[in-house]
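Everything on this sheet refers to the single structure shown next.
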Amino acid sequence: MIEISSPVRVRFAPSPTGFLHIGGVRTALFNWLFARHYGGQFLLRIEDTDEKRFIPGAADDLMTSMRWVGIDWDEGPDIGGPYGPYVQSVRSEQGVYMPFAQQLLEAGLAYMSFTTEEELVQMKAEAEARGIKAFRFRGPERDWPLAKQQEVAATGKAYTIRLKVPAEGSTHFNDLVRGGDDGIRINNSELYDIVLIKKTGMPVYHMAHLVDDHLMKITHVLRSDEWVASTPYHVLLYQYLGWHAPTFAHLPPILRQDGHGKLSKRKDDVSANRFWERGYLADAMFNYLTLQGWSYDDHTEIMTRAEVVERFTIDRVQSSPARWNPAKLLDMNGIYIRALSTEATADAITPFLQRANLVPTPINPSHRQRILELTPLIHERLKELGEAPELLDFFFVDIAPPSAELLIPKKMDAASTKAALVEIHASLSAVQEWQSAEALESSLRALCEKLDLKPGQLFGAVRVAVSARTVAPPLFEMLIALGKSTTLNRIQSAIGVL
RNA sequence: GCCUCCAUCGUCUAGCGGCCUAGGACGUCACCCUUUCAAGGUGAAGGUCGCGGGUUCGAAUCCCGCUGGAGGUACCA
């Protein structure tokens, strides 16, 4: 059993380089769950130290995605907090990071490096040519006295500030989910002198996140597993700065459906906003994501938010990768949709009907009423709310008469189908009360006997005649919803086809 | 290549030395229900616990090796 010392402070620190994809949401979610379960704070921090990849508006999009699944934060760029600001570019401008780089420089634990990117590429190529299998950059300036470094810098030559990693020994850290009891250890000879401050003066991730985590009093770092390889640098930095390192927990990656590689926003259609656009319920997404890398026991999958918060412990987080499984998500979405009330479902599908121009925007009372009537017909058949328009369009707009091919039931021909439809038209015309499915059904069942047709044949012909499709809601409820005159008109049109 | 991590049905997972002739879910298939499609019900197929060695009275569970996969190897995060 892993003991977690409360109170706990965790953060989600995305970089605004595009929309938030589902893997990012999962990372945010686990941090949130961790904070809520162990009783602590969850904060949001924007890591926009990469000027080249920055995308305007991405930060807002990302917050929208998080709010959608129900993740809220106690401190963040939009709401502030005691350790703000929560945007790294702003912090950098305020000079938050430089003093610490300076401290390292003065202690001889970092150095000004005048090697350019071009020179570095060349050095690598040369090393490779000489048969050196792994090139680990150590700047020639690493052993220069600081005064000499400053002298060259004073000439106006551009420089970066690099971490001076130890030549020997190894670096070790513990991880709440990976590496077992012995933790993870790497030889320092595998490390290279990473850049801490770019030549633009902007800190690199390794520097910025670490300074911020310390200043913001982060106690636990739950992040995606791609960071384990650079954690040794972070451990070293904490030592050099004389700070107590937070506890690490590297979350398992979410692999692509085919298992080859991690889920990526470029190759996979997994941006968070895609899911609400297609009609996924936030609760379903929350529940599904919860199971991507975590499980409660051997049989419980459907859980409310409160249940997950209560049950989420770090020791039940998987160390092996999860796999993106859209079929499972779809199934779960169906479960959550079916659990909705008729009213809630009607509200949920309304935007989709509006987007398909089947109902006006804003909605008016009569259309709202109409949607309410129609919702029970498709409610339990819905797996994505976005399917609603195609399931319901023929209730709102005129349909082209179905083709003869679609209209003619099994073991029947055009003539017999036509004859049957004429009889159906007559029978239904005679129905006075157009409100009872039972009345309509008994009328048509009587006709089945009279014409010696199976219900499947006759009902099928009616279904196609009024909806122009073979898959539709239950027939009699559908006829009632359609109304008597529309039903009869469509049957009449179908007769004309044959 | 090198470094690190990971390894149970097609997929996700339960399992932390005897309860396992390995449990659940998704998916698949069959049947029932039935006017179509769903939903629901019942059931089936599907795993020599990646492979090979150990440790132990006993291993899916511990150790070692191998193999496979993923991640990292940027003045990106």
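Here is how names work: the chains are called A, B, and so on, in the same order as the sequence lines, proteins then strands, and each is numbered from 1.
Out of B/rA14, B/rU11, B/rU36, the shortest distance to the side chain of A/V471 is found at B/rU36. Out of B/rC76, B/rC2, B/rC6, the shortest distance to the side chain of A/P321 is found at B/rC6. Among B/rC75, B/rA39, B/rU35, the nucleotide with an atom closest to any side-chain atom of A/P455 is B/rU35.
Checking the phosphate oxygens (OP1, OP2) of B/rA74, a side-chain nitrogen or oxygen of A/K124 falls inside 4.0 Å. Close to B/rC75, at under 4.0 Å from its OP1 or OP2, lies a side-chain N or O of A/R162. A close approach under 4.0 Å does occur between a side-chain nitrogen or oxygen of A/K198 and OP1 or OP2 of B/rC76. Contact annotation: A/R223 side-chain N/O to B/rA77 OP1/OP2 distance is not under 4.0 Å. Dashed line: the shortest gap from a side-chain N or O of A/K262 to OP1 or OP2 of B/rG69 is not under 4.0 Å. The side chain of A/R323 contributes no N or O atom lying less than 4.0 Å from OP1 or OP2 of B/rU13. At B/rA77, none of the side-chain N or O atoms of A/T17 fall inside 4.0 Å of OP1 or OP2 (strictly under the cut-off). One finds a side-chain N or O of A/T49 lying less than 4.0 angstrom from the OP1 or OP2 phosphate oxygen of B/rA77. At least one side-chain nitrogen or oxygen of A/Q318 sits closer than 4.0 Å to the OP1 or OP2 atom of B/rA14. OP1 and OP2 of B/rU35 both lie 4.0 Å or more from every side-chain N or O belonging to A/K454.
The base-pairing partner of B/rA25, taking Watson-Crick or G-U wobble contacts with both distances under 3.5 Å, is B/rU11. A 3.5 Å limit on both hydrogen-bonding distances identifies B/rC32 as the Watson-Crick or G-U partner of B/rG40.
Contact annotation for A/P252: no contact, since no heavy-atom pair falls under 4.0 Å across all strands. Among the atoms of the strands shown, only primed sugar atoms or phosphate atoms (P, OP1, OP2) are found under 4.0 Å from some heavy atom of A/G179. Backbone-only engagement by A/H260 is indicated by non-hydrogen atom pairs under 4.0 Å involving sugar-phosphate atoms exclusively.
Below the 3.5 angstrom threshold, one finds a donor paired with an acceptor across the side chain of A/R381 and the base of B/rC37.
Taking the charged nitrogens against the carboxylate oxygens, A/K164 and A/D193 have no contact shorter than 4.0 Å, which rules out a salt bridge.
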